Every structure is written in structure tokens, then in C-alpha cells.
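All remarks here apply to the structure that follows.
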Amino acid sequence: MSERRYRPDEIEPRWQALWESERTWEVQNDQGVDAAPQRGRADGGPPRSYVLEMLPYPSGEPHIGHLKCYSIGDAIAHFHRRLGERVLHPMGYDAFGLPAENHAIRTGVHPRESTAESIAAFQRQFRSWGISIDWSRELATDEPSYYRWTQWIFLQLLRAGLAYRREAAVKWCPHDQTVLANEQVDAEGRCERCGALVEVRQLEQWFLRITDYAERLLGDLDSIAWPEHVKTMQRNWIGRSEGAEVNFRCEELGVDYPVFTTRPDTLFGATFFVMAPEHPDVLRLAAGTEHERTVHDYVNHALTESNQERGNAERPKTGVPLGRTVVNPVNGEAIPMFVADYVLMEYGTGAIMAVPAHDERDYEFAIEYGLPIRRVVDGGEGLPYTGDGTIVDSHPKFDGMPNREALGAIVDWLQSEGKGHASVNYRLRDWLISRQRYWGCPIPVVYCDGCGLVPVPEEDLPVRLPDIDDYQPKGRSPLAAAEDWVDTRCPECGGRARRETDTMDTFVDSSWYFLRYCDATNERAAWDRAALREWMPVDQYIGGVEHAILHLMYARFLTKALKDLDLLDFDEPFRALFTVGMVTKDGAKMSKSRGNVVSPASIVERVGADTARCYVLFFGPPDQDADWSDEGMEGVHRFLGRLWRLAAETADAGDGARAVPELPVNAAGADLELLRKTHWAIEKVSSDLRRFAFNTAIAAVMELLNDCYRLREDVEPATQAYAVANAASLLFPFAPFVGADAFELLTGARVWEQPWPVADESLLEHEEYELVCQVNGRVRDRVMAPSDAGEAELVALCMAAPNVVSHVDGRDVVRQVVVPGRLVNVVVR
RNA sequence: GCGGGCGUGGUGGAACCGGUAGACACGCCGGCCUUAGGAGCCGGUGGGCGAAAGCCCUUGGGGGUUCAAGUCCCUCCGCCCGCACCA
């Protein structure tokens, strides 16, 4: 036998070069304008599918997490291609963003350069990994040819009133010197990027009206095939609450203050009223009262506190009286007003009715300040009581009713009296997209002294990001320093105007890139609608669970907004989602500071890309976190070597006439056994691929290969060639280089041009099987049983099994449970 | 506190619908081949008792449903994730 060695360093570059020169993975859009074929249409050619992994943020070199994500996506893409579908599998880069700018601040290197360098590294490695990308559609969000259309989308939103500008209390990161979206502030009130404690500032900012879509963002979750935990996270984030809005009137000022409550059934128990320190009327209310000074001080103190301090539910409740009262509309009672920082301006109306008997926070406050507590729901012992019960001491109309029932009745009554109405509240806030940073997409508006805010005309797009020298954050956008750029003409009156100097949150860029891939080179429009009809929505989206809220919510929102603007034809961008688990090392997240980073490039250099790809798919279910181990990887490497060598040996031993092997007929003995194993593996890998069980799919190919080795002395050469070629074919989606090379050695053919193998039903069946014989549920013996045996025959076989006989041993047989194809359980007493 | 998930050999994991627990791989042990091997091939490997046949135990703990439970139900323990002063 010749000494053949598996040499990934020779095999892999050869196939890379072929796929690159032949542009193997490119797909064309249909050109016919009228055709605008619907996806999957019977007469529209092969079915299509759109397989997409989240685009990477190019910073430095790709890491193992990228390798895992793109190995998953690539396996799915290959599988669908070989099932006969036309697969769109593109790639791009989320190239704007803070890290590149911070790097520029440190080194002076322009973000465009460092980003381009990183993109080049990603391109190199994606090719070396053999990811089957349609490179003709490649994009980067920092290219004017891309962000031109990001700006165009902004203008459409602006015109529709979905983008707006207002002054607001916003989250400000003192380190990065920029405002942040709510979503970019973590639970401790820290900037998600740099970890600095976030402050609150009043600033004029751009917002997108995502709250208009809260109900649809929530409801449409039911229509998409996403992991339940991601849907749950989005539901929590949207935070829908049903209740009522009720007006409390301050007679002294003649102003109505609406409050939102989820418990209108407890309205009669309201004994005081609380406003948030940020409420615009707080100072006005206190003015002229003896409390003016203390309110002023309290509000000032509250506003300077960090979110972290404010957000701590554990600390004692504080607040001060406003010296005013409001009237409870249900009973005409005047109750005192307070300002307290446990009431949030961002939620509801910034004011609450306080029902200390039935709310823990109000209770705590009432105890602290000696306020009356009035029970109106009879139920469990002790106060506060937040459970259900019977309404008491409220109003003859409602007393005695179960509180859930009273809730609706009270809302109806309020509504008929004009004192309130049913209402729904959301936790979701409008999306703040202004960033006082340089490396982002310029917001395409100008400010004219005469005309005010003027959108840049679409024909003048893109508003190009100018080059600057000084990236140092100064509390306003570094762009403000580019005077030549800021000074411009008003598109309406031609007079002097100044450009908007804030840039957009990078999440805007990544909220529509999947649309651009469908028509990536279109210079006249962001997309041709027919191109979107061909590919969208994405059939399978793949990416890290860390984007469960931010990116995935924004992309859904923008898709719905664009549909409402009649710019596309679907409501949801991603039909199915798969979330990729993290790769750790020694149980911890890989990081430079820990020194536990596994570099894909060095792994590929050492053992080849196939081993690296197969291993990240083999070492556990892909949606779970998994720990990297070099030893585990060696096992996969050995397996690939075994496959390749057996393919080479089998080819060498043949007569040189290579062809895709046909299924050998009339096989028996070892030949039949190996053919059965082959078809078992075909079935197993196919079904495992459909459920993203790559680890068990690869294990099935290992089993097949183990049998090829075990039986190789006993089978015909044709049988062996058939089995090994199928092993290579099944492995191709996970290890494309070895898969293609081994298959070619045996057959002379290109494996990716072969249809995915189909298991032969007759080979999946056996004429007999091992029947498990149980006595009282415990396995006592195993006997061979004919596959077509009836229940009576199976019982007889089982009862005759030696070890069953000894366990039954004259005891009474109560019953026999037969599971054909599996077991017989004899129940004795 | 609310919501979601998880707990299986020395290790990563498998068992998809309640039906042979531990596939596959790592590690370890043994054999073969070789001048040599950190190469390759073959075999063994949950724990206990036993010469063997076989028996007993075993999926975080306890209880239950069932002919049959890793899987379903209850309960407790531990871990992970998301949300959280959200009215």
C-alpha cells in the first residue's frame, strides 16, 4: 500500500484557487423585470434560499467565534445548494463604529485605514476557511456607495415622521463623549462599550419612532421561527402592560395629571400621588409653597445621581412633598403630591397614583413618611398585598366583586365618566440614533438660519464623511471641527447653512444590509424591489445571542417601517434564526488580557481549515457555549486524515477509471452491511443537518468511516469506493476541502455539483433486529427477531429467551407489553 | 422578585415521540506494525460483586405517574442567561 499522507496545506489552497477563479458561489438575480418571480414558484426555476450570518465588525483579526458562526452558516448553505436550491450566501462588514475611532485617537491612524486593514484580514481568512461566499455582493457599511443609501433611508423616515428631533434627557457616556441608546447601557448603568458610568444630559437628539411599532414588534414574534429565549427577551424588552390612564386634577393649578396604572381596581386605595424628579411641572407645582426650596434641592440631587444609584430598588425610598394636592377622580378625595425618585419619567406619564396597601414601593414610601394605608382588596394576610381578592371599602358598585372583574368594570365606569380610559403602556423607548462621533454615517440634514432644518436632497447624496485630523472627543462631534464641510448652502434658499455634525448609531447601518445584498451593486437605488422579492426574507439567519435585542429588534423595526412606506413587501426580515453559542477557553471568555485567545489563523496553519471548522461543529451543540480543547481537535484531525487516506488508497487500488459510483446491486454479507451503514449515515446526516445537529452528523460520518476500515478486507472494491465516496460527500458541508478532494480522488467529479445523496429505503430496513427482552421493565436478554414478526411471535421469542425464562421462573405473567421493532416487556408477579 | 434555560462516565457530549443510558470523540489501558515514533492499524474502557454465567447500583437530591422515566408531574439543591423601583 502506498504511503499517502493527508496534506491540508496542499489540498486547501488548490480548492480555494479553483473556487475563486471560477466564482463558484456566485448567484445571479433574474434579469426579467416583469418576471419578478416569487420565491419558490413552481415555474420560477429552482427554489431559492437566503442563508445569512450576521456581518462581522472588522476589528483586528477574526476570532474563533467568527469561525464557528460562519462554519455553521456555510454548512447550511452547502446543504441547501446540494438539495437543488439557488442559495444566496453573501458577506459584508459592519465597518463604522467606535473601536476604530478609539484606535485612531490612540494612534492617529485614520479609521478608514485600520478598518480596511482588518477587512483585508477577514477576507483572507474567510477564503482560507473555504467559506462559500458570493463575493460579487460584498459590501462595507463605511463605503459611500453603501451609506449613501443609509442616508436615503433616513430621509424616507424623516419625511414619514418616523425620524424626529427633540430635546431629551439622554444617556451620556463621559468617557466616549457621546450619547447612547437605552439598549447600549447595561444593568449597572455602564456604557456597553467602555464600561464608564453613564450620566444623564438634556440634549437635542435624533430619534427613530420605534415605539409606534411596539405592538407589531410584539405580535409578529408569533409568526417567526426564532428560538423561544430570544422571543422572550424581545417581549420583555418591549414590556407591554395593560391598564388604564386616569386623570388626577390639581385644582390649585387647574391642571390634569394623567397616570398610568395596571391596577385600576385599587384606585380607591390611592392615598397619595408621586411625580418623577424630571417631570417638567414639579418646580412649578412647588413654587410659592413652603416646600419650594426642599423640592428644588431634591430634584437637583436626583438629577445628578447616576442611573446605577437611582436604579437600585434596595435602597430606602426618598422624596419630598410638593405642598399641593390632586383629586382622586373615583372618590373626589384630595390626596397629597410628592416628588420621589422611585418614579421614572421614562415610563408611563412620569407620575403615579400611590396605593400603599397593594404596591410594595408605595407601601415602603408610605411607612417612611407616615402616610395613610388603605386596603381595598381583601385577600392574603398582611400588607402590602399584591395578589388577587375581593374589592372592599371602595364603592357600593364594586365592593364584593373579585378584583380582576372589578378592574374592567372600573375602567368602563371611568371611561363613561370621562375620567380615564383603558390604556396600554410599553417599556420600549424611541431609538436614539445621534452619536457625537466621527466614524459613522453622517446624518443628511442641514440647518439654515432662514429655512430651519432642511433635509439634503436625495440627488445630493451621499453626504460624504470628510477627512479630519483630530478625533479627540470634545463633547460635540469631531465633525464640527471640519469647518469647510460644516459650512454649506441651504438646498432650499441657497443661503448659508450648517451641516448636522452628529453621525448615526452604527446599528442603523446594520439594520438594512441584508436588503442591500439582494441588489448590492445598484447605483440608482438602494434596491430594486424585484430583487428583494427574489430573495427576502432571509430564510436562515445565524449569529450570536448577544444581538437578541439590539440588532434584531432594530432590523425588524426598520423592515416594518420600510414596508409601511411601500418600499418593500414583507414584514419580517428573518424567517428563522439560529443563535450561536460562545467558544470559551479554560471555561472563560477568550480575551487578550487573560491570554487565552485561540487564533484561527494559527490553527489553520497547523492543522488546516477543515479540522478547525469540523472541530468547532463537533465539540458540542452549536447553540451552546463550548470550551476549546486542542486535544479534542486532534481527534477530528485524525478522522479527516483517515478519510482522506482511505479515499486515496481506494482510488489507487482501483483500475484508474474514475466515476461517481453507482449503488452496487445484489450485495450480501459484509458488502450489504457496509451499504446499509452508508445509507444509515446518509439518512442521519440529512436529518441532523435539518436540525442543526452538526456534532451528531459528523459523528455519523465517523461511524461510517470506522466501518469502512473495519470491513475493508471483506468488501468488494466497488462497495468500498461507494461507501468512502459517500462519506466524503456527506462530510463536504463541514469540511469542504477534504470532502471535495477525497471525492475527486475517487470519482473525478466535483462534489458540490453532485446532488445531496438520498437514502435508499430498502437499505434502511433490516430483515431482523435485536429484540430487547424485559422482565418487569429490566433488560434481561436480547434475541434476534424477524422485522416482519407479529406481536404474538415477538412475545414467543421473548418468553423463550434463556434469561427471560430464568427470571419468569414459574411466576404469574400479568401482561406482556410489545413495542414492535424494539422490545417486549413481560410483567410478572 | 419576574421570565427563560441547564444539571448524564475521568472529559466534551449522545439518547429527536416515555422503550437497550453513555453513540461519536478526548483521555487512559493493552496488542500489532515499525530501525524509530508524539505516525498508522486492531481491541478494551461508567461503578461494585463474581472464575464465569450473571447480579446489583448509576443521568444533581427526594417523591410521584407508568408495564417502562435521563425524558412527564411535584418538590428541594446548584449553575447560567435575560428583565427588574416599569406603577
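Computed from a prediction, not measured in an experiment: that's the story for all the values here. Computed from heavy atoms alone, side chains included, the values below leave out hydrogens, waters and symmetry copies. Each chain gets a letter, A, B and so on, in the order its sequence line appears, and its residues count up from 1.
Judged purely by atom type and a 3.5 angstrom limit, A:D265 has no side-chain atom pairing as donor or acceptor with the backbone of A:R404. Looking only at distances, a side-chain donor or acceptor of A:T271 sits under 3.5 Å from a matching main-chain atom of A:P372.
Taking side-chain N and O atoms only, A:R815 has a distance below 4.0 Å to OP1 or OP2 of B:C67. Close to B:C42, at under 4.0 Å from its OP1 or OP2, lies no side-chain N or O of A:N706. Taking 4.0 angstrom as the limit, A:R642 places a side-chain polar atom (N or O) nearer than this to OP1 or OP2 of B:C41. In terms of phosphate contacts, A:R645 brings a side-chain nitrogen or oxygen within less than 4.0 Å of OP1 or OP2 of B:C41. Checking the phosphate oxygens (OP1, OP2) of B:U11, no side-chain nitrogen or oxygen of A:S629 falls inside 4.0 Å. Here A:H229 does not reach the OP1 or OP2 of B:C80: none of its side-chain N or O atoms lies under 4.0 Å away. Using a 4.0 Å cut-off, no side-chain N or O of A:N236 falls inside it from OP1 or OP2 of B:C86. Within the structure, a side-chain polar atom (N or O) of A:R778 is placed less than 4.0 Å from OP1 or OP2 of B:C57. OP1 or OP2 of B:C55 sits under 4.0 Å from a side-chain N or O of A:R780. Applying the 4.0 Å criterion to OP1 and OP2 of B:G27, one finds that A:R638 has a side-chain N or O inside that range.
Using atom C1' as the reference point in both B:C17 and B:U71, the two lie 10 Å apart (nearest Å). Taking atom P on both nucleotides, B:U66 is separated from B:C28 by 48 Å, rounded to a whole Å. Remark: the separation of the C1' atoms in B:A69 and B:G64 is 11 Å, to the nearest Å. Separation of the P atoms belonging to B:C80 and B:G27 is 30 Å when rounded to the nearest angstrom. For the C1' atoms, the distance from B:G4 to B:G54 is 47 Å, rounded to whole Å. Between B:G46 and B:A39, the two P atoms lie 24 Å apart (nearest whole Å). Separation of the C1' atoms belonging to B:G47 and B:U8 is 14 Å when rounded to the nearest angstrom. Across B:G22 and B:U58, the matching P atoms stand 16 Å from one another, rounded to whole Å.
Within the 4.0 angstrom heavy-atom criterion, base atoms lie near A:Q774. Counting non-hydrogen atoms under 4.0 angstrom, A:R822 reaches the backbone sugars and phosphates but no base. Counting non-hydrogen atoms under 4.0 angstrom, A:F618 reaches a base of the nucleic acid. Among the heavy atoms of the strands, none lies under 4.0 Å from A:D627. A:E634 comes within contact range of no nucleotide atom at all, as no heavy-atom separation falls under 4.0 Å. Among the atoms of the strands shown, base atoms are found under 4.0 Å from some heavy atom of A:N825. Here A:K684 lies in heavy-atom contact (under 4.0 Å) with a base.
The aromatic rings of A:Y257 and A:H279 stand perpendicular to each other, their planes meeting at an angle above 60°, with 30° marking the opposite boundary. The aromatic rings of A:Y385 and A:H358 sit perpendicular to each other, their planes meeting at more than 60°, with 30° as the lower class boundary.
What you find for A:I373 and A:A366 is that their closest heavy atoms are CG1-CB, 4.0 Å.
Look at B:U11: its Watson-Crick or wobble partner, with both distances under 3.5 angstrom, is B:A25. Partner assigned to B:G40 is B:C32, using Watson-Crick or G-U wobble distances below 3.5 angstrom.
Among B:C42, B:C85, B:A68, the nucleotide with an atom closest to any side-chain atom of A:Y709 is B:C42.
A salt bridge links A:E228 with A:R235: the closest approach of a Lys/Arg side-chain nitrogen to an acidic carboxylate oxygen falls below 4.0 angstrom.
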